[in-house]
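Some notes on the structure that comes next.
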Amino acid sequence: MKLLYFAWLRTKIGTAEESVDLPAGVSDVGGLIDWLRGRGPGYADALANLAVVKVAVNQEYVGLDHPVKPGDEVALFPPVTGG
Amino acid sequence: MKLLYFAWLRTKIGTAEESVDLPAGVSDVGGLIDWLRGRGPGYADALANLAVVKVAVNQEYVGLDHPVKPGDEVALFPPVTGG
Amino acid sequence: MAVRVQREDFDIGAELGALTRGNTRIGGLTSFVGLVRDMAGGDAVGAMTLEHYPGMTERQLEAIETEARRRWPLDATLIVHRIGRLEPGDRIVLVACASAHREAAFQACHFLIDWLKTKAPFWKQEETPAGPRWVDAKSTDDDAAARWERG
Amino acid sequence: MAVRVQREDFDIGAELGALTRGNTRIGGLTSFVGLVRDMAGGDAVGAMTLEHYPGMTERQLEAIETEARRRWPLDATLIVHRIGRLEPGDRIVLVACASAHREAAFQACHFLIDWLKTKAPFWKQEETPAGPRWVDAKSTDDDAAARWERG
């Protein structure tokens with residue numbers, strides 16, 4: 001699956017995009033975020049407060065219980081500030 | 001005093017502007033309109049329904065009880081339709 | 001802070017560009033352009049002629065603009081209204097408000113056009129297949145203006 | 001019905017002129033332009049950089065535009081949003097709605113910018129004397145967007 005990070009999530013994690021295999025036992029966004037937190041201090045810091053993390057799967061906003069599967073594009077980013 | 005008529009009041013009265021001496025006994029807008037109605041059928045027709053006649057004295061909207069005096073500019077016109 | 005009544009068309013880009021140029025406190029610019037429609041009340045309209053009360057029109061527009069600036073924190077406002085003969089698709093009026101905040105810019109612009117429509121002495125005469133016809137004032141315009149009466 | 005994300009500035013007059021040209025059903029055109037302010041949260045801001053999520057941004061803008069057209073009778077809509085580095089006074093976004101009726105044009109334009117601000121994936125990073133700073137989402141923007149939730 002493809003993972004995308006924007007704005008300060010990108011800065012904290014240190015990369016804009018990465019490809020990972022769907023980790024064993026992960027079936028939804030919440031599980032994926034738990035797994036990502038274990039990948040290093042940058043991830044743990046970026047994902048510490050989910051109140052300020054938005055998630056899109058295949059370019060649609062979703063909640064933490066949304067399923068993830070191989071091939072998905074999962075994006076994590078802060079609340080938007082355009083306009 | 002100077003009298004101005006706009007839109008269909010002008011069409012019905014048949015003139016855009018005229019100068020008249022303040023008629024004897026006329027002291028307010030209502031009195032002036034009563035006097036104008038007697039000047040001819042065009043005036044009477046134009047001023048038949050005061051619900052659709054607006055009045056400005058010296059370029060400010062006023063009511064029928066507003067005083068009129070020599071030298072005033074009195075305008076009569078329908079509800080506005082700009083914009 | 002400008003009010004103009006003119007026969008000529010206006011250049012929206014030039015007008016709006018000039019309104020905000022050099023003022024970096026401005027965060028939002030809301031504008032409204034009114035255009036001549038080819039249908040009014042179900043009858044085909046060929047063109048219209050706009051008449052106004054010179055002098056009082058400018059005074060009313062300035063008073064409306066002053067009221068908007070009293071109610072909202074505005075950095076710039078503009079009202080341009082055309083008179084004379086206009087055809088379908090022609091621009092009639094431009095109203096624009098610039099402010100640090102978009103909500104003020106929206107509210108003030110909406111207020112200006114609503115009040116202009118019921119207070120500024122302009123009158124439209126439409127050319128219809130049955131001959132010229134003075135446009136009646138609309139109660140929906142009175143209702144729109146009344147929303148803002150509370151001040 | 002157009003949505004664009006671009007680095008270049010836009011020409012307001014050309015954009016708005018094109019939006020209404022040839023459609024004489026249109027009676028009103030409301031537009032909003034967002035500009036970079038030189039002050040944000042009390043600190044002087046030199047410039048900002050706008051980042052977005054290519055693909056999802058366009059999808060979100062199109063979805064917002066579709067929702068506006070479902071709610072109001074619109075003849076034309078336009079959203080242009082810039083990305084990249086912008087300086088104080090630069091234009092960020094243009095939103096415009098044209099309709100037979102001015103109330104629909106106002107409501108829809110206001111709705112579009114309010115929803116864009118909370119739903120379209122753009123992020124601003126400001127340059128401040130203390131270094132770059134990601135702009136926080138504003139609760140007032142959430143409140144403005146929430147007004148329109150009822151549908």
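Quick note on labels: first sequence line is chain A, next is B, and so on, each numbered from 1.
No other option in C:K138, C:Q125, C:K119 has as many heavy-atom pairs under 4.5 Å with chain B as C:K119.
A distance of 8.5 Å separates CH2 in B:W8 from CG in B:D45, rounded to the nearest 0.5 Å.
Using a 4.0 Å cut-off between a side-chain N of Lys or Arg and a carboxylate O of Asp or Glu, C:R71 and C:E67 qualify as a salt bridge. Salt-bridge formation is detected for the pair B:R10/C:E51: a Lys NZ or Arg NE/NH1/NH2 atom is positioned less than 4.0 Å from an Asp or Glu carboxylate oxygen. Using a 4.0 Å cut-off between charged side-chain N and carboxylate O, C:R37 and C:E126 make no salt bridge. Salt bridge status for B:K2 with B:E18: absent, with no side-chain N to carboxylate O gap under 4.0 Å.
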Chi angles and distances behind the salt bridge (charged side-chain N to carboxylate O under 4.0 Å, His left out) call for C:E127, C:R133: CA-CA 6 Å; C:E127 300 171 16; C:R133 181 181 61 193; over 6 Å; no
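Contacts between residues 91-113 of chain C and chain B, counted as heavy-atom pairs separated by less than 4.5 Å, involve C:I92, C:V93, C:I113.
Heavy atoms closer than 4.5 Å to chain B are found in the backbone of C:D136, but not in its side chain.
Ring geometry for B:Y5 against B:Y43 counts as perpendicular: the plane angle is over 60°, on a 0 to 90° scale with 30° as the lower cut.
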